[in-house]
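Below you'll find the structure, written out as structure tokens, and then a few comments.
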Amino acid sequence: MKFATWNVNSLRVRLQQVVDWLKFYQPDILCLQETKVQDENFPLDEITAAGYQSVFVGQKTFNGVALLSKQAGEDVVTAIPGLDDVQKRVIAATYADIRVICVYIPNGESVESDKYQYKLNWLYAFHEWLQEEIVKYPKLALLGDFNIAPEDEDTYDAVAWKDKVLCSQPERDAYYGLLKLGLVDSFRMFEQPEKVFTWWDYRMMAFRRNRGMRIDHILLSETLSNYCVSCVIDKSVRKLERPSDHAPVMVDLTKMS
DNA sequence: ATGGTAGAGGATCTA
């Protein structure tokens with residue numbers, strides 16, 4: 001089984017890239033973030049034609065998440081229960097006995113911003129909900145754009161980004177708080193080269209200079225991690241014309257088959 | 001030098 005995540009930064013702009021990617025890699029599940037499309041405009045026909053089912057929750061202009069899957073999901077949840085939030089940032093579904101949660105964690109803008117407080121509050125509420133979910137579902141995968149670089153090695157310049165948004169200690173504490181619930185960073189299960197990132201700013205030729213950050217993650221519950229044989233970042237799509245600023249991340253749970 | 005680019009939507013906001 002292959003699970004993947006990709007912040008597409010507008011599904012309508014990236015639709016052909018997503019369809020091509022699905023056809024090439026044939027993941028069992030693809031989590032999308034920043035679809036930026038209202039539900040009535042979701043490109044259902046094109047996704048269906050590619051052989052995938054979809055569940056989604058979107059809004060005008062910003063945010064929006066979706067789960068594309070070969071098999072139908074059950075027990076779909078489209079918000080953090082109990083959190084009063086107009087922003088569409090989470091969707092979860094169960095496939096066989098595996099709970100898949102797709103998240104678009106707030107960016108935060110800067111540590112001085114009100115959006116940073118919103119991010120920390122959101123992470124607290126998400127933690128509370130995830131704690132319940134992982135008890136209910138021992139096989140759980142959490143995929144998405146976390147907008148957090150867990151370690152200095154996940155940044156192109158740790159000195160420049162020290163205590164900045166995406167790297168600040170409260171954000172990293174919240175990230176490791178999620179791991180403490182019983183999740184493993186699939187990327188770090190394996191030996192990896194240095195300077196491997198998932199996001200590069202559109203500006204300042206950041207991609208060409210590999211000035212990126214590793215902020216998109218696939219976290220697996222310990223039960224599920226036993227089946228994981230690889231975690232790769234597909235940098236190739238970032239080189240396409242009109243790319244998303246994020247690259248997809250994919251895990252292979254082949255041992256499960 | 002606090003810039004630059006991309007997306008949505010139709011002036012700025014978000015990232």
Side-chain angles (χ1 to χ4, degrees), chain A residues 5-21 31-43 46-47 56-66 83 85-91 102-123 126 143-150 154-168 170-172 174-175 197-217 233-249:
Chain A
T5 180
W6 190 5
N7 179 324
V8 289
N9 186 20
S10 171
L11 180 55
R12 283 174 291 179
V13 171
R14 236 63 69 188
L15 183 55
Q16 194 56 51
Q17 290 184 22
V18 169
V19 167
D20 290 346
W21 202 85
C31 303
L32 300 177
Q33 301 87 37
E34 283 204 272
T35 54
K36 297 186 175 178
V37 62
Q38 294 181 97
D39 292 348
E40 57 266 36
N41 298 325
F42 191 90
E46 292 87 342
I47 302 292
F56 43 84
V57 59
Q59 65 185 98
K60 206 180 200 178
T61 314
F62 308 119
N63 309 313
V65 285
L83 180 68
D85 187 12
V86 296
Q87 302 192 24
K88 308 303 185 189
R89 296 185 171 278
V90 63
I91 189 163
C102 168
V103 286
Y104 176 46
I105 292 175
N107 172 284
E109 190 184 30
S110 73
V111 294
E112 298 85 11
S113 170
D114 291 344
K115 297 192 192 77
Y116 180 78
Q117 278 310 313
Y118 166 71
K119 180 179 195 172
L120 295 181
N121 292 340
W122 197 97
L123 280 161
F126 180 69
L143 309 87
D145 177 0
F146 286 62
N147 274 310
I148 299 171
D154 299 312
T155 74
Y156 67 88
D157 186 341
V159 174
W161 282 84
K162 183 175 165 56
D163 297 327
K164 297 284 189 349
V165 75
L166 311 186
C167 299
S168 74
E171 292 166 87
R172 287 178 169 175
Y175 172 84
F197 308 122
T198 65
W199 169 78
W200 302 260
D201 199 298
Y202 284 122
R203 297 165 289 190
M204 304 291 286
M205 294 181 289
F207 182 68
R208 216 187 65 184
R209 301 156 74 188
N210 198 31
R211 290 164 65 102
M213 312 281 272
R214 194 176 71 90
I215 57 176
D216 301 83
H217 307 297
I233 297 166
D234 179 19
K235 202 174 162 176
S236 70
V237 293
R238 189 63 176 77
K239 300 171 186 169
L240 297 174
E241 204 171 323
R242 277 193 102 181
S244 166
D245 45 351
H246 293 253
V249 187

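So you know, we letter chains A, B, ... as the sequences are listed, proteins then strands, and number each from 1. Atoms considered below: every heavy atom in the structure, side chains included; atoms not considered: hydrogens, waters and symmetry mates. All of these numbers come straight from a predicted model, not from anything done at the bench.
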Which one, [options], comes nearest to the side chain of [X]?
| X | options | result |
| --- | --- | --- |
| A/Tyr202 | B/dA15, B/dG4, B/dT5 | B/dT5 |
| A/Lys60 | B/dC13, B/dG9, B/dA15 | B/dG9 |
| A/Ser10 | B/dG7, B/dT14, B/dG4 | B/dG7 |

Give the rounded distance in Å between these two atoms: [atom1] of [X] and [atom2] of [N].
| X | N | atom1 | atom2 | answer |
| --- | --- | --- | --- | --- |
| A/His246 | B/dG7 | NE2 | C1' | 12 Å |
| A/Leu166 | B/dT14 | CG | P | 16 Å |
| A/Gln87 | B/dA15 | CD | P | 7 Å |
| A/Asn147 | B/dT14 | CG | P | 14 Å |
| A/Asp201 | B/dG7 | CG | P | 13 Å |
| A/Leu240 | B/dA6 | CG | P | 14 Å |
| A/Phe62 | B/dA11 | CZ | C1' | 12 Å |
| A/Asn107 | B/dG7 | CG | P | 17 Å |

Handout entry: Residue-phosphate contact under 4.0 Å: A/Arg14 side-chain N/O, B/dG7 OP1/OP2
Key = yes
Handout entry: Phosphate contact (B/dA15 OP1 or OP2) by A/Arg203 side-chain N/O below 4.0 Å
Key = no
Problem - Short side-chain donor-acceptor distance under 3.5 Å, A/Asn107 and A/Lys119 - result: no
Taking atom [atom1] in both [N] and [M], compute the distance separating them and give it to the nearest angstrom.
| N | M | atom1 | answer |
| --- | --- | --- | --- |
| B/dG9 | B/dA15 | P | 15 Å |
| B/dA8 | B/dT2 | C1' | 25 Å |
| B/dC13 | B/dA1 | P | 26 Å |

Exercise for the section: Would you classify A/Tyr104 as touching base, sugar-phosphate or nothing, given that sugar-phosphate means primed atoms plus P, OP1 and OP2, and contacts are heavy atoms under 4.0 Å? Expected result: sugar-phosphate
Exercise for the section: Assign A/Arg209 to base, sugar-phosphate, or nothing according to its heavy-atom contacts below 4.0 angstrom with the strands shown. Expected result: nothing
Problem - Among A/Ile47, A/Val37, A/Val8, the one residue meeting side chain to side chain contact (heavy atoms under 4.5 Å, CB included) with A/Leu15 - result: A/Ile47
Handout entry: Residue A/Asp157 excluded, over 12 heavy atoms near CG under 6.0 Å
Key = yes
Exercise for the section: Assign the ring pair A/Trp200 / A/Phe197 to parallel, tilted or perpendicular, where the plane angle (0 to 90°) is split at 30° and 60°. Expected result: perpendicular
Completion exercise
Whichever of A/Lys115 and A/Leu11 has the more 5' nearest nucleotide on DNA chain B, that residue is A/Leu11
Practice task
Select from A/Asn7 and A/Gln38 the residue whose nearest nucleotide in DNA chain B is closer to the 5' end of that strand.
Solution key: A/Gln38
Practice task
Evaluate the side-chain hydrogen bond (donor to acceptor under 3.5 Å, both in side chains) criterion for residues A/Trp199 and A/Asp145: first the C-alpha distance (whole Å), next the side-chain angles of each, then the deciding distance (0.1 Å), finally the verdict.
Solution key: CA-CA 9 Å; A/Trp199 169 78; A/Asp145 177 0; over 6 Å; no
